[in-house]
Amino acid sequence: IYNRLTVLKRKMFRGLPSLKNLYLSYNTISAIESDTFVDTKNLSFLLLNYNYLKRITDDVFFDLSLLTRLDLSFNVIEEIAPNGLRGLSS
């Protein structure tokens, strides 16, 4: 376990518009709140593998159109909301 993060809080990364790579693997993240990634429009790599995510809520990745890699492997995802991946380019 790296940072012992359990929840990615709303606006947690605000004010980091130049952030391109975010490695959050091997934590105990079980939830991502809405607007967590506000101000991170330049994010291209987001690694969330090896956590405890159960649900991907609507618009959690909204406006991350430059994201080229999203890794959600090795979580316990049970549900992806209808708009859970909205905003991703592919």
Side-chain angles (χ1 to χ4, degrees):
I1 298 175
Y2 290 151
N3 298 307
R4 299 180 193 260
L5 296 172
T6 57
V7 175
L8 296 184
K9 302 237 180 228
R10 188 172 187 263
K11 299 181 181 180
M12 187 173 189
F13 302 105
R14 187 176 207 171
L16 297 172
S18 299
L19 185 65
K20 291 186 179 187
N21 302 316
L22 187 54
Y23 302 94
L24 297 171
S25 306
Y26 297 98
N27 279 283
T28 57
I29 300 166
S30 61
I32 303 172
E33 294 180 358
S34 63
D35 293 330
T36 295
F37 299 106
V38 77
D39 280 350
T40 60
K41 294 181 183 200
N42 289 310
L43 199 61
S44 60
F45 274 68
L46 177 55
L47 304 184
L48 289 163
N49 53 320
Y50 293 96
N51 279 289
Y52 296 97
L53 290 169
K54 290 183 181 177
R55 185 169 194 268
I56 304 299
T57 57
D58 282 333
D59 298 325
V60 74
F61 302 115
F62 186 72
D63 214 18
L64 293 181
S65 60
L66 297 180
L67 203 63
T68 57
R69 181 163 182 214
L70 171 63
D71 192 345
L72 296 169
S73 63
F74 299 98
N75 278 281
V76 290
I77 297 172
E78 297 171 353
E79 179 185 2
I80 297 176
N83 291 316
L85 301 177
R86 185 167 69 164
L88 300 177
S89 60
S90 59

Problem set entry | Residue pairs involving residues 24-33 (criterion salt bridge (charged side-chain N to carboxylate O under 4.0 Å, His left out); sequence neighbours excluded) |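 Residue pairs with at least one partner in residues 24-33: there are none.
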
Problem set entry | All pairs passing salt bridge (charged side-chain N to carboxylate O under 4.0 Å, His left out) where residues 43-53 contributes a residue, at least two apart |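 The answer is none; no pair qualifies.
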
Hydrophobic cluster membership, [X] vs [Y], 4.5 Å side-chain cutoff:
{"X": "F45", "Y": "L64", "result": "no"}
{"X": "L22", "Y": "L88", "result": "yes"}
{"X": "I32", "Y": "L19", "result": "yes"}
{"X": "V38", "Y": "L16", "result": "no"}

For [Y], does its backbone N or O pair with a side-chain atom of [X] as donor and acceptor, under 3.5 Å?
{"X": "T36", "Y": "M12", "result": "no"}
{"X": "N42", "Y": "T40", "result": "no"}
{"X": "N51", "Y": "N27", "result": "yes"}
{"X": "T28", "Y": "L5", "result": "yes"}
{"X": "D35", "Y": "R10", "result": "no"}

Among all residues two or more places apart in sequence or in another chain, which pass the side-chain hydrogen bond (donor to acceptor under 3.5 Å, both in side chains) test with [X]?
{"X": "D58", "answer": "none"}
{"X": "K41", "answer": "D63"}
{"X": "D59", "answer": "R86"}

Out of curiosity, [X] [atom1] to [Y] [atom2], how far, rounded to the nearest 0.5 Å?
{"X": "K9", "Y": "S34", "atom1": "NZ", "atom2": "OG", "answer": "12.0 Å"}
{"X": "L72", "Y": "S25", "atom1": "CG", "atom2": "OG", "answer": "10.0 Å"}
{"X": "L24", "Y": "L53", "atom1": "CG", "atom2": "CG", "answer": "10.0 Å"}

Problem set entry | Partner set under ring-ring contact (aromatic ring centres under 6.0 Å, His included) for F13, not counting sequence neighbours |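 ring-ring contact (aromatic ring centres under 6.0 Å, His included) list for F13, sorted by chain: F37.
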
For this session: Return the set of residues passing side chain to side chain contact (heavy atoms under 4.5 Å, CB included) with S73 (not counting sequence neighbours), or none when no residue passes.
Result: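 With sequence neighbours excluded, S73 shows a side chain to side chain contact (heavy atoms under 4.5 Å, CB included) to N49, D71, given in chain and number order.
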
Exercise answer: donor-acceptor pairs, residues 77-85 side-chain atoms, under 3.5 Å, sequence neighbours excluded:
unit_1 : atom_1 : unit_2 : atom_2 : d
E79    : OE1    : R55    : NE     : 3.0
E79    : OE2    : R55    : NH2    : 3.4

Exercise. Which pairs count as side-chain hydrogen bond (donor to acceptor under 3.5 Å, both in side chains) when at least one residue sits in residues 14-24, sequence neighbours excluded?
Worked result: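 For residues 14-24, and leaving out neighbouring residues, there are no side-chain hydrogen bond (donor to acceptor under 3.5 Å, both in side chains) pairs at all.
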
For this session: Indicate yes or no: at least one non-hydrogen side-chain atom of L8 is less than 4.5 angstrom from one of V60.
Result: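 They are not in contact (no side-chain heavy atoms under 4.5 Å apart), so the answer is no.
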
